[in-house]
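Here is the structure we will look at.
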2 protein chains.
Amino acid sequence: MADIDYIKENRLEDTGFAHTIQLIGGKYKMQTLYALRLNHTPLRYNALKRLLTPISFKMLTNTLQELEVAGLVYREVFPQVPPKVEYSLTSLGESLIPVMDEICTWGEQHQHSNG
Amino acid sequence: MADIDYIKENRLEDTGFAHTIQLIGGKYKMQTLYALRLNHTPLRYNALKRLLTPISFKMLTNTLQELEVAGLVYREVFPQVPPKVEYSLTSLGESLIPVMDEICTWGEQHQHSNG
DNA sequence: AGTAATACTCTCCTTTGGGTTAGTAGCGCA
DNA sequence: TGCGCTACTAACCCAAAGGAGAGTATTACT
């Protein structure tokens with residue numbers, strides 16, 4: 001089923017595929033999501049940065065903001081000094097994990113079969 | 001299980017996810033694949049161009065070459081004048097359709113759930 | 001007084017993806 | 001004779017994605 005109409009409508013932007021890829025298609029989007037589901041434990045900014053090395057501050061901030069806006073991660077600020085911010089997966093974010101797993105699985109099964 | 005090790009290995013490039021996205025992540029990659037599976041009929045270059053409007057020559061050629069190198073589409077040249085080239089899905093290309101369908105389905109189910 | 005720690009923000013630079021336009025070869029048709 | 005059809009290729013350009021490095025506020029510790 002999925003998308004066939006897009007071919008005559010010429011609007012890939014409105015497609016479910018485009019929506020999904022926009023959410024997880026960035027360079028570190030999926031890595032971030034996977035890191036957050038590792039232990040079902042919220043992670044702090046610098047902990048994430050260490051896990052996602054060699055990500056830059058800019059990219060980590062961008063990535064987290066976009067994931068938060070998309071409703072995939074939850075951001076909790078603890079008003080203390082030095083600052084503390086924890087990130088965790090929302091249920092929507094968790095619902096994406098199986099989809100990403102399938103993409104990974106297909107890729108793993110086929111990435112060494114040619115080339 | 002998919003990919004968890006990538007986090008400590010810091011090499012997203014070797015991940016199945018990255019491999020899959022590289023194949024279908026371009027602007028017209030998935031559209032092209034879907035177009036080719038429409039009727040299980042091979043399509044000629046200009047027919048594809050019409051279907052994928054407003055794609056440019058450059059992008060269509062790029063897309064088809066990359067899909068061919070990836071083993072997802074089959075390219076058959078008929079040595080005649082004017083030239084005739086037909087493109088069709090390989091079985092590997094067809095095996096990707098269900099994965100793309102899932103990505104589309106998730107996207108369609110969730111793209112209107114938050115503003 | 002100076003340094004470390006946290007979670008950022010800001011600016012500048014390079015790389016990549018994609019767009020636009022023009023050109024190629026050989027034949028049929030007017 | 002010259003235009004159109006086919007399936008391209010090559011050149012140049014722009015915008016967005018991503019990378020590198022410095023700067024910010026507040027407090028505790030030495």
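All of these numbers come straight from a predicted model, not from anything done at the bench. So that the names make sense, note that chain A is the first sequence line, chain B the second, and so on, each numbered from 1.
One side chain, A:T61 or A:Y45, offers a donor N or O that lies under 3.5 Å from an acceptor on the other.
B:F78 comes within 4.0 angstrom of nothing in the nucleic acid, heavy atoms only.
Closest to the side chain of B:Y45, from the set C:dA5, C:dA7, D:dA7, is D:dA7. Out of D:dC8, D:dT6, D:dT26, the shortest distance to the side chain of A:V81 is found at D:dT26.
Separating the NZ atom of B:K49 from the P atom of D:dC5 is a distance of 14 Å, rounded to the nearest angstrom. In this structure, CD of B:Q22 is placed 13 Å from C1' of C:dT16, rounded to the nearest angstrom. Separating the CG atom of B:N62 from the P atom of D:dA7 is a distance of 17 Å, rounded to the nearest angstrom. When the P atom of D:dA28 is taken as reference, atom NZ of A:K84 falls 17 Å away, rounded to whole Å. Look at OH on B:Y87: it is 8 Å from P on D:dA7, rounded to the nearest Å. The distance from atom CG of B:L48 to atom C1' of D:dA7 is 12 Å, rounded to the nearest whole Å. Between the C1' atom of C:dG18 and the CD atom of B:Q31 lies a distance of 13 Å, rounded to the nearest Å. Rounded to an integer number of Å, the gap from CD of A:E76 to C1' of C:dT6 is 16 Å.
Annotation: side chain of B:V77 is in contact with side chain of B:R75 (closest heavy-atom distance under 4.5 Å). By the 4.5 Å heavy-atom criterion applied to side chains, A:I21 and B:I21 are counted as neighbours. Contact check for B:Y87 versus B:L36: side-chain heavy atoms found under the 4.5 Å cut-off. A:L52 is listed as a side-chain neighbour of A:T32, based on a closest heavy-atom distance under 4.5 Å.
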Heteroatom pairs (N/O) under 3.5 angstrom, protein to nucleotides 14-20 of chain D:
residue	atom	partner	partner atom	Å
D:dG18	OP1	A:K27	N	3.1
D:dG18	N7	A:K58	NZ	3.0
D:dG18	O6	A:K58	NZ	3.3
D:dG19	OP1	A:K27	NZ	2.5
D:dG19	N7	A:K58	NZ	3.4
D:dG19	O6	A:K58	NZ	2.4

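OP1 or OP2 of D:dA7 has at least one side-chain nitrogen or oxygen of B:R44 nearer than 4.0 Å. The phosphate of D:dA7 (OP1 or OP2) has a side-chain N or O of B:N46 nearer than 4.0 angstrom. For B:Q65 and D:dT9, the shortest distance from a side-chain N or O to OP1 or OP2 is below 4.0 Å.
A salt bridge does not link B:E94 with B:R37: every distance from a Lys NZ or Arg NE/NH1/NH2 to an Asp or Glu carboxylate oxygen is 4.0 Å or more.
The side chain to side chain contact (heavy atoms under 4.5 Å, CB included) with A:V73 is formed by just one residue from the set A:T63, A:L43, A:L33, A:L92; it is A:L33.
Comparing A:F57 and A:P82 by the nucleotide of DNA chain D that holds the closest heavy atom to each, the one mapping nearer the 5' end is A:F57.
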